[in-house]
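Please read all numbers here as calculations on a predicted model, not as lab measurements. Every heavy atom of this structure was used, including side-chain atoms; hydrogens, water molecules and symmetry mates were not. Here is how names work: the chains are called A, B, and so on, in the same order as the sequence lines, proteins then strands, and each is numbered from 1.
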Protein chains: 2
Amino acid sequence: MTTRRVTLVDVARLAGVDKAIVSRVVNADPSLVIRPDTRERVLEAISNLGYRPNVAARSLRTAKAGTLGLVIPDFANPVYAEIITGAESAALARGHVLVTGSSTGAHSSMDRYLDLLGQGRVDGLMLAGPTTAREQQKLESLGLPWMMVNRRDTGEHHRFVILDDAQAAKLAVEHLLELGHRHIVHVAGPFGADTARRRATGYRQAMKNSTHPVRAEDIARGDYTPRGGAEATAELLRKSPGATAVFVANVAMAVGVLDTLRRAGLRVPEDVSVVAVHDLPLAEHLVPALTTVRMPLQELGARAVDLLLTSSPEDEVAEVVGTAMELVYRESTAPARP
Amino acid sequence: MTTRRVTLVDVARLAGVDKAIVSRVVNADPSLVIRPDTRERVLEAISNLGYRPNVAARSLRTAKAGTLGLVIPDFANPVYAEIITGAESAALARGHVLVTGSSTGAHSSMDRYLDLLGQGRVDGLMLAGPTTAREQQKLESLGLPWMMVNRRDTGEHHRFVILDDAQAAKLAVEHLLELGHRHIVHVAGPFGADTARRRATGYRQAMKNSTHPVRAEDIARGDYTPRGGAEATAELLRKSPGATAVFVANVAMAVGVLDTLRRAGLRVPEDVSVVAVHDLPLAEHLVPALTTVRMPLQELGARAVDLLLTSSPEDEVAEVVGTAMELVYRESTAPARP
DNA sequence: CTGAAAGCGCTTACAG
DNA sequence: CTGAAAGCGCTTACAG
């Protein structure tokens, strides 16, 4: 029972018109002038036959794939889950399908995806997360519209959308200052991540409102993992004793921070307050529930799609999505003891 | 500077052969007999021009899209992140691109995806998570090869891949029995989820080796969320006092279980042991770190892809992926006190 | 208001 | 060993 695909020709024959008419009805061609009863016959034929346009034929003809690509490092990272959700929603709203690939799987890599998606399979490509200069070069060579997400590109032709990480850091530090903390230390992210650099910058700026001047010993760097957060905390406990609060660059490291403080016999928030960036679902399930800064990750993904679709590939794009940031006050921060 | 796409014809002209030859070289046609120097010329032309086959044209001609679709409920759920990772890897290994969509976004829905992906955009479709009878009917009407993942389909023509949830439950309960627990209660998942039903069945079976017979009061149902776990635990505390261990159907509910036990003044694991299904990253970050049963979620995704690609759409598929299950012993379980 | 025709770029059976 | 030709299903400019 191999039922042949229903094509425009089948619909045209049933409706008694030319296939060009059917095509223009299907695509709601505004320049089409058609008698109501003719349109009715066409619509009926489409419905009766269960006609669906063949996307391959359409793509070949129009040179548009109707899909967008997004390459992320890892599906298991909830930060990217949020970005994907926002991007998918915006893509669908604009009539596109989103193809999301990860660059760290067993058979995948950024390179592999650039090959796979650079053959007319997608109309544009978004890269989230770390990218090498070689990858970026390859990306440009594909001749596809592209966009970096949550990361500044390294080339001279900028096309990126990021969040206001400095502002997020300020919100966190200001929260601690309001609670009366002065000696606030920072568990920063890896040097290579520019989100980490921007959060560290925001920390330094906000600390100008503290009576405690920031010294090199007040900052320790981790690799955005729980273990990295644990090691950085151990380092700070040695280098910067007396701190009453910690601003942590991400939630994963905060897990290690909480653990190390606990093992050192310090209570959170009674002895030390802790606040971290990104209000991931995990945050409220930690003990104590983690105070965080919520950033508009979904909107970041949505904005990337919009810009990819509406900007000309030659345009420079350097946008900071700055809406809807807020401090989520939970159990891990409390007033400094007098 | 609108550089026209490089096509087969361009390559053929440069290499001084017909485009049919180029096509067969590109696709490594085994029936092709060609002089080494001719092949060399073709390869060189491809490389010099940076030729990439147009996938739309190829799809139109071969009636194969080279992509597979996977619809999940939610990107933020780490269980699906694992399934995606495994499916993506298997798809790439077989030369396919995976399109993953979520059915709960602002502009998406299962229905929307079934429309979007049922137009020759994908060669097959996998559905993970809950599906209505209507959706399943629509799925079948698309005439696409399909597969249910982590869930049995409700139709009469079975095509599903699931994990051995009953066996996972047995591993968990046996672990508790070995630790000396006898009165073990169960926080079960929602009635509608067949993963939940299978885990409950496994619990009952394994409890036959306990001196404590399972009564209705030993089981409470939650909706797979932290809040649901909390409420079920409160119910069990009332209905089934004296239990020394809890088997929880998933990690999300376990978060609520731990919280409720703590508020009730019970210590984990000193007073009550807790074990849950799926070794998600979250598990080791809870306090106390959660003992879990690790199930091969990535392999589940990979197997779904393999079966989708290798089985004929008319075949019945009812596979249980049973490899590599193991108990991960952490801090939330301990020997029963004598 | 509607129809005929060209052509997007590829693959494949066939001819030589 | 290599070339010529048909045709996948659609869109679009043009003719009538």
Side-chain angles (χ1 to χ4, degrees), chain A residues 2-43 45-46 49-67 95 118-121 123 143, chain B residues 2-43 45-46 49-67 95 118-121 123 143:
Chain A
T2 333
T3 45
R4 201 175 54 79
R5 269 198 76 99
V6 176
T7 72
L8 271 187
V9 174
D10 301 315
V11 177
R13 193 177 304 140
L14 182 59
V17 299
D18 186 86
K19 65 181 171 26
I21 305 298
V22 181
S23 171
R24 294 168 74 190
V25 168
V26 167
N27 295 298
D29 179 348
S31 76
L32 172 66
V33 191
I34 189 175
R35 273 204 302 267
D37 60 318
T38 308
R39 154 167 288 151
E40 206 45 57
R41 283 210 315 282
V42 171
L43 259 17
I46 288 174
L49 295 173
Y51 169 72
R52 290 161 177 279
N54 178 313
V55 287
R58 177 180 285 172
S59 295
L60 177 58
R61 183 58 227 248
T62 61
K64 294 263 170 287
T67 73
Q119 312 178 2
R121 212 183 274 277
D123 298 322
Chain B
T2 331
T3 44
R4 200 175 55 79
R5 269 199 76 98
V6 177
T7 72
L8 271 186
V9 174
D10 301 315
V11 176
R13 194 177 304 138
L14 181 59
V17 299
D18 185 86
K19 64 182 172 22
I21 304 298
V22 180
S23 171
R24 295 169 73 191
V25 167
V26 167
N27 294 299
D29 179 348
S31 76
L32 172 64
V33 191
I34 189 176
R35 272 204 302 265
D37 60 317
T38 308
R39 154 166 286 149
E40 205 48 54
R41 283 208 317 281
V42 171
L43 258 19
I46 288 173
L49 295 174
Y51 169 71
R52 290 161 177 280
N54 178 314
V55 286
R58 177 180 285 172
S59 294
L60 176 58
R61 181 59 227 247
T62 62
K64 295 263 170 287
T67 74
Q119 310 178 3
R121 212 183 275 275
D123 298 321

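- The side-chain contact (heavy atoms from CB on, under 4.5 Å) test applied to A20(B) returns D18(B), not counting sequence neighbours.
- Secondary-structure stems of DNA chain D, taken as three or more successive Watson-Crick or G-U wobble pairs (i with j, i+1 with j-1) under a 3.5 Å distance threshold, comprise C:1-3 with D:14-16, C:5-12 with D:5-12, C:14-16 with D:1-3.
- Partners of R52(A) by salt bridge (Lys or Arg N to Asp or Glu O under 4.0 Å), not counting sequence neighbours, listed by chain and number: D115(B).
- One atom, CG of D37(B), and another, C1' of dT2(D), lie 13 Å apart when rounded to the nearest Å.
- Looking at heavy atoms from C-beta onward, N54(A) lies out of side-chain contact with T7(A) at the 4.5 angstrom threshold.
- The residue L60(B) sits close to a base: some heavy atom pair falls under 4.0 Å.
- Residue L32(A) contributes atom CG, which lies 10 Å from atom P of dC1(C) at whole-angstrom precision.
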- Message: For a quick check, with a 4.0 angstrom heavy-atom cut-off, what is the B/S/- contact string for nucleotides 10-16 of chain D, read 5' to 3'?
- Response: BBB----

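- When the side-chain contact (heavy atoms from CB on, under 4.5 Å) test is applied to V11(A), the partners found at least two apart in sequence or on another chain are V6(A), V22(A), A45(A), I46(A), L49(A), Y51(A).
- Residue V17(B) is in sugar-phosphate contact alone, with no base atom involved, counting any heavy-atom pair closer than 4.0 Å across all strands shown.
- Residue contacts shown for T38(A) are limited to sugar-phosphate atoms, with no base heavy atom under 4.0 Å away.
- Qualifying salt bridge (Lys or Arg N to Asp or Glu O under 4.0 Å) partners for R24(A), counting only residues two or more places apart in sequence or in other chains: D29(A).
- Looking at heavy atoms from C-beta onward, R41(B) lies in side-chain contact with T38(B) at the 4.5 angstrom threshold.
- Residues satisfying the side-chain contact (heavy atoms from CB on, under 4.5 Å) test with T62(B), not counting sequence neighbours, are R58(B), K64(B).
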